[in-house]
Amino acid sequence: MDQLARKAYAKINLGLDALRKRADGYHELAMVMQTVDICDELTFVVKETPGIELYVEWSKDGWTLTSSDGFPREDEAQPVPSDQKNLVWLAAELLMDEFEVKKGVKITLKKRIPVAAGMAGGSSDCAATLHGINELFGLGLSLKELQNRGVKLGADVPYCLLGGTALAEGIGEILTPLPPMPKCHLVVAKPAVGVPTPFVFKQLRVNELEVHPDIAGMCAAIRDNDLDGVISRLGNVLETAAIPHFPVVGELKEEFKELGADGVLMSGSGPTVFAIFKTEKQAREAADEVKKAGLAAQIFVTKPV
Ligand code: C5P
């Protein structure tokens, strides 16, 4: 094989609880993860000469409602690196060094997933690269073997290698697959600010949390295909850390509630907010209103995948 293409899907968190802070600074979490139909695209082409080449492109096709003229695209001012700072590069390097791959690879990354958004875009690109390099050079690593390597690059990478719906525990690497979440329509809105994950975790006072989301109940509701049960258990303790510093997250949540969303929550460490609707019409109308209100730089009407 001398070339292949892979999609890297974004995720949202239906539930995110923090249990304690570990001595190494990471937090023990319990998270319900769900991939959504927003994806980056990666292509991998073998080069006869050694080394990694990475090219990052922005896609402006019909996936977002907000690529129209005049609407801010803040992440163009916050470009994704195309060197060793990109997890894609580090993932390719990790496997190619370990397996002493003599050839090189040219990787093209087409970005659609919002950046520094709480949607695991970087981790998902990283996971797609681990899968891609494994396949391209016939390394023969199993999912578990890729996950053991991926967790060194990011806590969400093992989940992104798996995809779908899953409970993630530990720092994110202990995974229990779940059935797909009940069918629904989602609006995903990313405010015009990037939020670094370490910053939000640093603000979190895990011992002072008064409310913990019902993660076990969320898993049971998913297993029962009970959308109302899912909606009533949406919860993310990182909101307590992010909203005081990024009030736009709270404003977006309020706006979605006023627009009749059945459920609304910040994803991951934010600032992306997602809202659940039972019909596509309601979702599209709400997305248009949020766009008009100027609370988001990128808005997607999407679905779980
Ligand atoms: O592993 P990753 O690079 O994605 O994590 C980014 C940062 O998020 C970590 O450096 C840490 O500050 C925080 N984090 C955490 N507990 C986790 C996952 C991430 O404190 N389980």
Side-chain angles (χ1 to χ4, degrees), residues 8-35 40 75 78 80-81 83-95 109 111 113-131 146-163 166-176 190 193-209 212-213 215 218-219 235-246 249 265-272:
Y9 286 91
K11 64 86 182 153
I12 55 172
N13 297 92
L14 301 175
L16 194 161
D17 195 12
L19 310 175
R20 66 180 192 96
K21 192 170 177 178
R22 305 196 319 190
D24 65 3
Y26 270 82
H27 291 78
E28 247 168 53
L29 306 173
M31 303 184 280
V32 180
M33 325 283 272
Q34 173 65 55
T35 40
D40 293 343
D75 40 14
Q78 188 192 43
V80 175
D83 58 14
Q84 285 91 333
K85 289 196 284 294
N86 194 310
L87 284 176
V88 166
W89 185 295
L90 295 177
E93 190 176 50
L94 185 126
L95 292 187
L109 166 61
K111 278 305 290 181
I113 303 174
V115 178
M119 302 195 74
S123 301
S124 189
D125 295 341
C126 177
T129 304
L130 292 170
H131 276 307
L146 291 174
Q147 288 172 325
N148 290 341
R149 287 161 177 80
V151 72
K152 295 179 197 154
L153 298 172
D156 282 343
V157 176
Y159 161 71
C160 291
L161 284 157
L162 175 72
L167 169 67
E169 295 170 290
I171 64 165
E173 84 289 18
I174 304 170
L175 296 164
T176 309
K190 158 79 188 348
V193 56
V195 174
T197 303
F199 173 83
V200 176
F201 273 104
K202 218 169 151 201
Q203 311 307 314
L204 181 68
R205 301 285 166 264
V206 70
N207 297 324
E208 294 167 22
L209 289 172
H212 288 272
I215 299 293
M218 174 64 80
C219 294
N236 178 353
V237 296
L238 294 181
E239 287 185 345
T240 63
I243 292 177
H245 296 272
F246 305 100
V249 173
L265 193 70
M266 185 179 85
S267 180
S269 53
T272 298

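Because the structure is a prediction, the values reported are computed rather than measured. Every number for a ligand or one of its atoms is a count from 1 in the order of the listing. Below, each value reflects all heavy atoms present in this structure, side chains not excepted, and no hydrogens, waters or symmetry copies.
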For ligand 1, what N or O to protein N or O distances fall under 3.5 Å?
from	atom 1	to	atom 2	distance (Å)
ligand 1	1 (O)	Tyr26	OH	2.9
ligand 1	1 (O)	Ala155	N	2.8
ligand 1	16 (N)	His27	N	2.8
ligand 1	20 (O)	His27	N	3.3
ligand 1	20 (O)	His27	ND1	2.8
ligand 1	21 (N)	His27	O	2.8
ligand 1	21 (N)	Ile171	O	3.1

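Within the 4.5 Å cutoff, no side-chain heavy atoms of Leu162 are placed close to those of Met33.
With sequence neighbours excluded, the residues satisfying salt bridge (charged side-chain N to carboxylate O under 4.0 Å, His left out) with Lys85 are Asp83.
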Exercise. Could you go step by step and tell me if Ile215 and Glu169 meet the side-chain contact (heavy atoms from CB on, under 4.5 Å) rule?
Worked result: CA-CA 11 Å; Ile215 299 293; Glu169 295 170 290; over 6 Å; no
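Residue pairs meeting the side-chain hydrogen bond (donor to acceptor under 3.5 Å, both in side chains) criterion with at least one partner in residues 236-245, sequence neighbours excluded, are Gln203-His245, Glu239-Lys253. Within the structure, salt bridge (Lys or Arg N to Asp or Glu O under 4.0 Å) pairs that include any residue of residues 21-33 comprise Arg20-Glu28, Arg22-Asp24 (at least two apart or interchain).
Within the 3.5 Å criterion, the main-chain N or O of Gly270 finds no donor-acceptor partner in the side chain of Lys190.
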